[in-house]
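In what follows, every chain begins at residue 1, and chains take the letters A, B, ... in the order their sequences are listed.
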Amino acid sequence: MSDNEREARRARLAALREGGVDPFPARVGERSSIAEVRQQHDSSSEEALEDAKPRVAIAGRVKALRSFGKLLFMTLVDDGVSLQVSARKQEVSPEVFAFAKQLDVGDFARVEGVVWRTKKGELTVDIRRVEILAKSLRPLPEKWHGLSDVETRYRQRYLDLIANDEAREIAVFRSRVLTALRSFLDGRGFLEVETPVLQPLYGGAAARPFTTYHNTLDQQLYLRISDELYLKRLVIGGLDRVYEIGHNFRNEGISKKHNPEFTMLECYEAYADYRDMMVLTEAMVTEVAERVCGTTKVDFQGEKLDLAGPWPRVTIRDAIAEGTGVDILAAPDLPALQEAVRAQGLHPGEAPTWAVLVDELFSEHVEPRLIQPTFIMDHPVELSPLAKRSAEDPRLVERFEPFVAGMEIGNAFSELNDPDDQRERFTAMETAREQGDDEAHPMDEDFLLALEHGMPPTGGLGIGVDRLVMILADAPNLREVILFPALRRDGGTG
RNA sequence: GGGCGCGUAGCUCAGUUGGCAGAGCAGCGGACUCUUAAUCCGCCGGUCGUAGGUUCGAUCCCUACCGCGCUCACCA
């Protein structure tokens, strides 16, 4: 594809080299950040600058160029902060002026000059010396309309970051959320750990894994679908409070709430139970929101949310009863539950088991309504193979999921530490697997071995970090808070 | 995976009831010492997502494919 702009840039690159200028020098001379220069001079008056003629050196990317015959202005951006630069023919040698003039939008340059204010009052550095730091060979997205093609924004996120302030703000915001999460947990004595991404056996969630292969070990490996079983091994080993923030990989569909690799925060606290983890969840979300948003009252896609705890705690039984009129515990097997659903004028669908039907009732009739933060608790044991059985009702487990804005943002339980019960759960999962549930949890003898050595009563919590960021950033889509969201391999021109 | 929609210049978008494809920005040349979407004059720039088909003629109609979006399914 012929592109006369690229040719022009190539020509200027060649001209630089012919003139003995390295267009990609390894080192940058002394400089201040543009933010520093702004901080120092933003409030200086025209007259004060005229008297002091402060000399500064800055470096950045040329974002815009406005050229006149014997005068040119450019906007330089350095770490998201911009500053105008001028070159005036009367102030510099013809060579320096010509050098400034041949810079392209997108180039990186270092400029030494004198700080002044234009007639319009704009803080400006008037060039005395200028050097190129890196040549840009392709045009940047258009300056006024910017870059809006979502596919390009995701595939070439660097262009999005350059062209769209909001993309940059979200990236920074996300980093601040992660910092706040770590700070919260560190402050409570949690130890950040790292566990394997490549696992000989996956587990800790109901999901299909990605499969890979290690040549030297001659062994199939899985990309983890959760950190859970390894973090529990650490608790067994006496690391009483641990957390990990890392990617999980689930071989599933992509949607505005799902990315095949996503960031999960998991934390485990010995001697705690799921109610303690509820308190922890409320405190964590509250503190993070206050730190990154300055408030717990946030707008999310037109909904006003208040993230401050305490959050309502509703059993899944009560939630479904309220949403559908069906009492799941009064209909203890599949036929009874189907009948109860029909009695409410609803379609029971084709759920293969009682527990799956419960899950479907919840997903369809309750979940979308959970806008304000809510804990849904006490799930059926069949849906929760790693959670401790409820003392009051052996059909249920001590588990909760926090919901915000109709989205599940986490999952937590009193961890199952009875190795015999755990073995039975795995066996039940094996049966489900044999009956075609390819997301059922596999038997994990190695984990059982660990459990048999004794695990303290422990509370565990997982938080979907991407979704949390999405809510705090008021982003409409998970892809907006993931810098490089999963996309199909580019088929061509796009 | 199903349904619907989209894909035209580097970017943002028009457009053709089927008849040589347009604008703004960017780029190139020229004018210009206060612009910040600079302005003015001139110019360059396209396999109209890809491959077939229908047709005298396809960017437009048809089919398949590729990619993206929305949505349903799936998905803690």
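Here A:Arg488 reaches the OP1 or OP2 of B:C68: one of its side-chain N or O atoms lies under 4.0 Å away. Contact annotation: A:Arg10 side-chain N/O to B:C28 OP1/OP2 distance is not under 4.0 Å. Close to B:C70, at under 4.0 Å from its OP1 or OP2, lies a side-chain N or O of A:Asn477. OP1 or OP2 of B:G69 has not a single side-chain nitrogen or oxygen of A:Ser255 nearer than 4.0 Å. Dashed line: the shortest gap from a side-chain N or O of A:Arg155 to OP1 or OP2 of B:C68 is under 4.0 Å. In terms of phosphate contacts, A:Arg6 brings no side-chain nitrogen or oxygen within less than 4.0 Å of OP1 or OP2 of B:A9. The side chain of A:Lys256 places an N or O atom within less than 4.0 Å of a non-bridging phosphate oxygen (OP1 or OP2) of B:U71. Residue A:Arg138 places none of its side-chain N or O atoms closer than 4.0 Å to OP1 or OP2 of B:C11.
Of the candidates B:C28, B:U71, B:C75, B:C28 carries the atom nearest the A:Arg12 side chain, counting heavy atoms from C-beta on. For A:Asp149, whose side chain is taken as the heavy atoms from C-beta onward, the closest listed nucleotide among B:U12, B:U36, B:U33 is B:U12. Taking every side-chain heavy atom of A:Phe73 into account, B:C34 is the closest of B:C34, B:C11, B:C13. When each of B:G67, B:C28, B:G69 is scored by its nearest atom to the side-chain atoms of A:Asp104, the top-ranked nucleotide is B:C28.
The nearest whole Å value for the distance from the CG atom in A:Leu478 to the P atom in B:G69 is 12 Å. Taking atom NZ of A:Lys101 as the reference point, atom C1' of B:U33 lies 10 Å away to the nearest angstrom.
Look at B:U50: its Watson-Crick or wobble partner, with both distances under 3.5 angstrom, is B:A64. Under the Watson-Crick or G-U wobble criterion, with both distances below 3.5 Å, B:G57 is left unpaired in every strand shown.
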